[in-house]
Visitor: 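Here's a structure for you.
Both counts, for ligands and for their atoms, begin at 1 and track the order of listing. Numbers here are sequence positions counted from 1.
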Amino acid sequence: MLKNKDLISINDTTKEELRYILDTIKKIEEMDCSNLCKGKILGTLFFEPSTRTRLSFESAMKRLGGSVIGFSGDGSTSRKKGESLYDTIKTVEGYCDIIAMRHPVDGSARLAANSVIIPIINGGDGANQHPTQTLLDLHTIRKSHGQVEGLTIAMVGDLKYGRTVHSLAIAMSLFNATIYFVAPQQLQMPKDILEVLDQRGIKYYMTESIMDVMDKTDILYMTRIQKERFPDPVEYEKMKNAYILKKEMLTNAKSGLKVMHPLPRVNEISEDVDDAEHAHYFQQAHYGIPTRMAIIALLLGVLE
Ligand code: CP
C-alpha cells in the first residue's frame, strides 16, 4: 500500500493508511526484524537541530539491519558553498535508498519529494508538518487508551508555530476526536487547519486556560513555545511562560488522563509532573523507534 511512496504531510494520508501503519508498528514490536533492511541505506539530512527524530530514525534503521549516512546541521556540507536543496537531494539520492530530512522552510520536504524517485520522509518542515511524530503520537494514544477513536484531546501552547499539533489535529479529525485548543489568541491554531476540521464536522473549542479542560480531556498534549519561529524576540519573551503544567494542577484531572509532549520541553512541564501517573512523554519518545521502523519498512516495501 505504501511501497515507494513519500511521507510528507498527514493531509495526504487516509484513515485506512493510518490504521495500516499503526497495525504495522504493532507487528514490528512483536517480530524479529533484525534483517529486514539488510543492504539498505537510510540518508538522514537534518538541516535543523533534532535529538529524538534523527536519533530514533538512525536507531530504527540499524535495528532493521540497514545502515545510515547523513548529517546533522549543514555547517560541514556543501550547502555552505551555496549548493541548493534541490542539488543536495539529487546528489544524495544516488547514495541511499530512502531519505529522512528536516528543514526550517515550510514545503521543503514536498520540494525534495518532487525532485527524486526514492522515498522522502518529512522529519519536520518549518512550522508546517511533522507526520512521523504524529504516527508515534497515535501509537502512544492507542497503547494508553486502547484505541484512537472518539477521544478528547487538548493541545496546549504554541499552536501557531508548532508543526506537531498541525499534523496531530488533522490526524485526530479522522478519528472523530473532540479537540480543545488551549493557547493565547496570538498563538492559536491556524485557519487552514480549522477549515479541515470544519469540513469534517469535528467539534473543537478554544480557550486560554488549561484548567478549563483538565476534567474533560483524555490527553493533555503540551507543546513548547517555538522561540526559533518568532519574527520578534520581544513577542517570544511575552509568550514564553504562557503555560507551565505543575503536578498540583492534575488533582482534578479526568480519570486516565495522559500528559503527552513531543519534546524537547523548556519550561512548560514542571519536573514534579514526571513521576505522576499521568506523565507519558518519555514513553511517547521511546515509541519513536517501532514507529519509524514501520515507516521505513513500509516505504521500502520490505514489509507489506
Ligand atoms: N519531537 C521532536 O521532533 O524532537 P526533536 O526536535 O528532538 O527531533
Visitor: Among protein heavy atoms, which lies nearest atom 6 (O) of ligand 1, and at what distance?
Guide: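 Looking only at protein heavy atoms, the one closest to atom 6 (O) of ligand 1 is Arg102 NH1, 2.9 Å.
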
Visitor: Could you verify whether a donor N or O on one side chain and an acceptor N or O on the other, from Thr132 and Arg292, lie under 3.5 Å apart?
Guide: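 Their side chains do contain a donor-acceptor pair, which is all the 3.5 Å distance test asks for.
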
Visitor: Please report whether ligand 1 has a polar contact with Pro264, defined as an N or O pair separated by less than 3.5 Å (distance criterion only).
Guide: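 Not met; the criterion fails.
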
Visitor: Any idea which protein heavy atom is nearest atom 1 (N) of ligand 1, and the distance to it?
Guide: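 Sorting protein heavy atoms by distance from atom 1 (N) of ligand 1 puts Pro262 O, 2.8 Å first.
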
Visitor: Which atoms of ligand 1 sit under 4.0 Å from any heavy atom of Gln133?
Guide: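 By the 4.0 Å cutoff, the relevant atoms are 1 (N), 2 (C).
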
Visitor: Any heavy atom of Arg54 closer to ligand 1 than 4.0 angstrom?
Guide: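 No, Arg54 has no heavy atoms under 4.0 Å from ligand 1.
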
Visitor: In terms of the angle between their ring planes, are Tyr236 and Phe230 parallel, tilted or perpendicular, with boundaries placed at 30° and 60°?
Guide: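 If you compare the ring of Tyr236 with that of Phe230, the planes turn out perpendicular.
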
Visitor: Could you check whether Glu235 pairs with Lys238 (Lys NZ or Arg NE/NH1/NH2 to Asp/Glu carboxylate O, under 4.0 Å)?
Guide: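 A salt bridge is present here (some side-chain N lies under 4.0 Å from a carboxylate O).
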
Visitor: In plain terms, say whether Arg142 and Glu29 are close enough for a salt bridge, that is, a side-chain N and a carboxylate O under 4.0 Å apart.
Guide: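 Salt bridge between Arg142 and Glu29, a charged N being under 4.0 Å from a carboxylate O: no.
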
Visitor: Side-chain donor-acceptor pair under 3.5 Å between Thr44 and Glu58, yes or no?
Guide: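 Present: a donor and an acceptor within the cut-off.
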
Visitor: Examine the proximity of ligand 1 to Thr164 and report which part, side chain or backbone, both or neither, has a heavy atom under 4.0 Å away.
Guide: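 Near ligand 1, Thr164 shows nothing, with every heavy atom at 4.0 Å or more.
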
Visitor: We want to know whether Tyr205 and Asp212 form a side-chain donor-acceptor pair, criterion being a heavy-atom distance below 3.5 angstrom.
Guide: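 No, no side-chain donor-acceptor contact under 3.5 Å.
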
Visitor: Of Asp125, Asn122, Asp12, which is the lone residue that meets side chain to side chain donor-acceptor pair (under 3.5 Å) with Arg110?
Guide: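 Answer after filtering Asp125, Asn122, Asp12: Asp12.
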
Visitor: Considering only protein heavy atoms, which is closest to atom 4 (O) of ligand 1, and at what distance to one decimal place?
Guide: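 In this structure, atom 4 (O) of ligand 1 has Arg52 NE, 3.1 Å as its nearest protein heavy atom.
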
Visitor: Counting from 1, what ligand 1 atoms have a heavy atom of Thr51 closer than 4.0 Å?
Guide: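 What qualifies from ligand 1 is 5 (P), 7 (O), 8 (O).
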
Visitor: May I ask you to check whether Leu263 has an N/O atom sitting below 3.5 Å from an N/O atom of ligand 1?
Guide: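 For ligand 1, there is an N or O atom that lies under 3.5 Å from one belonging to Leu263.
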
